[in-house]
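Treat the numbers as computed from the prediction; the structure is a model and nothing was measured. Each chain gets a letter, A, B and so on, in the order the sequences are listed, and its residues count up from 1.
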2 protein chains.
Amino acid sequence: MSDDDEITLGRIETEVALLMRFGEATRRATGTAEHRVLDRAAYVILRHLDTAGPQNVSALAARLNLDGSTVTRQVSALQRDGLIVRAPDPTDGRGTVISPTPAGLQRMAAVQNARTRLYGDMLADWSTEDRTTLATLLGRLNQALVNRNRPR
Amino acid sequence: MSDDDEITLGRIETEVALLMRFGEATRRATGTAEHRVLDRAAYVILRHLDTAGPQNVSALAARLNLDGSTVTRQVSALQRDGLIVRAPDPTDGRGTVISPTPAGLQRMAAVQNARTRLYGDMLADWSTEDRTTLATLLGRLNQALVNRNRPR
DNA sequence: GATAAGTACCTGTACGATACAGCTATCTGA
DNA sequence: TCAGATAGCTGTATCGTACAGGTACTTATC
């Protein structure tokens, strides 16, 4: 590996670490404040239910890299708030199928819109190409992460 | 905002959310495992001390977007492990200057190298241009985040 | 220079997110 | 049919964090 490559990798490492820290802080600030609409895992659970359809706890846990017990508790909280419903899995007596409620989807969409607007504000002076490139490269980075965690 | 822009922003939002989740999981997995070398905040504290020089708790807290009490505890843990030293601030009797020890810098560098290598593995099939572009765009994204949080 | 207001740090306490271990109910393959 | 696997839940522990309050020190005002 050349020195230049080393430097670039170091920059990526730094920027990702920074991004994680900012994201944490932002989530904390906006989550604790006026909204308290959706905590971190609740949002990703609802998103995943929306895009990938109703599914059981184990599938969610595997997809989100979380322990089953964690998802159980998150789902219980979501159910308490009326954002998801549990139904017995008709094909497997052990399973429980989690589906989002209209209220849950609406709540998720509201958070999603707020975040999208936030990015729109922050990236207001970016060119269309730069935005597209960022989205693409982040997608590839995530894919690389997935491949590393689940090499097949 | 055009529909295309909206879609791109949505993609960015999605990818950042994914990245945060993967990063969490990765940190958890590598942190709990063989190493237990440095938890999240300890690593960023040591990094910051390395790049920005010795400084007091308040400065660290402000820079890391953390509560002062949180940094106090992190610093105490780092001191217990011999990775930093506390010294009275000669210019302010209330203050305490935190400096990394050689052991602390070494530990930090080891983690940093491991992470950099990890990125090198993951991005092995990326072109040099793509890597550089990712580093640059992530840097600009973080800058945009900073500007939003601390508008001046 | 006395005193009020501000600041730096620490400690007590609480909470949220998570993991692991163990439990019960159910399923599946030999 | 039954032994082992799996799905989900609950108990418990840990970690990172915030907020509130205390103490020691500093700075500004008169």
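Within the cation-pi definition used here (under 6.0 Å to the ring centroid, within 45° of the axis), B:Arg11 does not qualify as a partner of A:Tyr119.
Here the rule is side-chain contact (heavy atoms from CB on, under 4.5 Å) with B:Val57, and of B:Val97, B:Ile45, B:Leu66, B:Ile98 only B:Ile98 fits it.
Looking at every heavy atom in both residues, A:Leu9 comes nearest to B:Gly120 through CD1-CA, 3.6 Å. Pairing each heavy atom of B:Asn56 with each of B:Ala59, the nearest pair is OD1-N, 3.0 Å.
Remark: A:Arg86 is in phosphate contact with D:dC9, judged by side-chain N or O atoms under 4.0 Å from OP1 or OP2. Proximity of B:Thr72 to the phosphate of C:dC10: a side-chain N or O atom is located under 4.0 Å from OP1 or OP2. The shortest distance between the side-chain N/O atoms of A:Thr70 and the OP1/OP2 oxygens of C:dA19 is below 4.0 Å.
Taking a cutoff of 4.0 Å between a charged side-chain nitrogen and a carboxylate oxygen, A:Glu15 and B:Arg140 do not qualify as a salt bridge.
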So which protein N/O to nucleotides 27-30 of chain C N/O distances come out below 3.5 Å?
residue, atom, partner, partner atom, Å
C:dC27, OP1, A:Gly93, N, 2.7

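Contact check for B:His48 versus B:Leu60: side-chain heavy atoms found under the 4.5 Å cut-off. For the pair B:Thr8 and A:Thr128, the minimum side-chain heavy-atom distance is 4.5 Å or more. B:Leu19 is not listed as a side-chain neighbour of B:Val16, based on a closest heavy-atom distance of 4.5 Å or more.
Note on the helix from C:dG1-D:dC30 to C:dA30-D:dT1: terminal axis deviation equals 20°, with five pairs used at each end and the result rounded to 10°.
Put simply, CZ on A:Arg80 is 12 Å from C1' on C:dG16, counting in whole angstrom units. Nucleotide D:dG8 holds its C1' atom 15 Å from the CD atom of A:Gln74, rounded to whole Å. When rounded to the nearest whole Å, the span between CZ of B:Arg73 and C1' of C:dC9 equals 11 Å. Put simply, CG on B:Leu66 is 16 Å from P on C:dA8, counting in whole angstrom units. At whole-Å resolution of the value, CG in A:Leu78 and P in D:dC9 are 13 Å apart. Distance, B:Asp67 CG to C:dT11 P: 14 Å, rounded to whole Å. A straight line from CG of A:Leu60 to C1' of D:dA7 spans 13 Å, rounded to a whole angstrom. Rounding to whole angstrom units, CE of residue A:Met20 and P of C:dA17 are separated by 16 Å.
A:Gly68 comes within contact range of no nucleotide atom at all, as no heavy-atom separation falls under 4.0 Å. Contact annotation for B:Asp89: no contact, since no heavy-atom pair falls under 4.0 Å across all strands. At the heavy-atom level, B:Thr96 lies under 4.0 Å from the strands shown only through sugar-phosphate atoms.
Closest to the side chain of B:Ser58, out of D:dC9, D:dT17, C:dC9, is C:dC9.
Residues that satisfy the salt bridge (charged side-chain N to carboxylate O under 4.0 Å, His left out) test with B:Arg94, not counting sequence neighbours, are B:Asp92.
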Taking it one step at a time, do A:Arg107 and A:Tyr43 satisfy side chain to side chain contact (heavy atoms under 4.5 Å, CB included)?
CA-CA 9 Å; A:Arg107 191 82 67 92; A:Tyr43 176 62; over 6 Å; no
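Side chain B:Ser69 to base D:dC19: a donor-acceptor pair is found below 3.5 Å.
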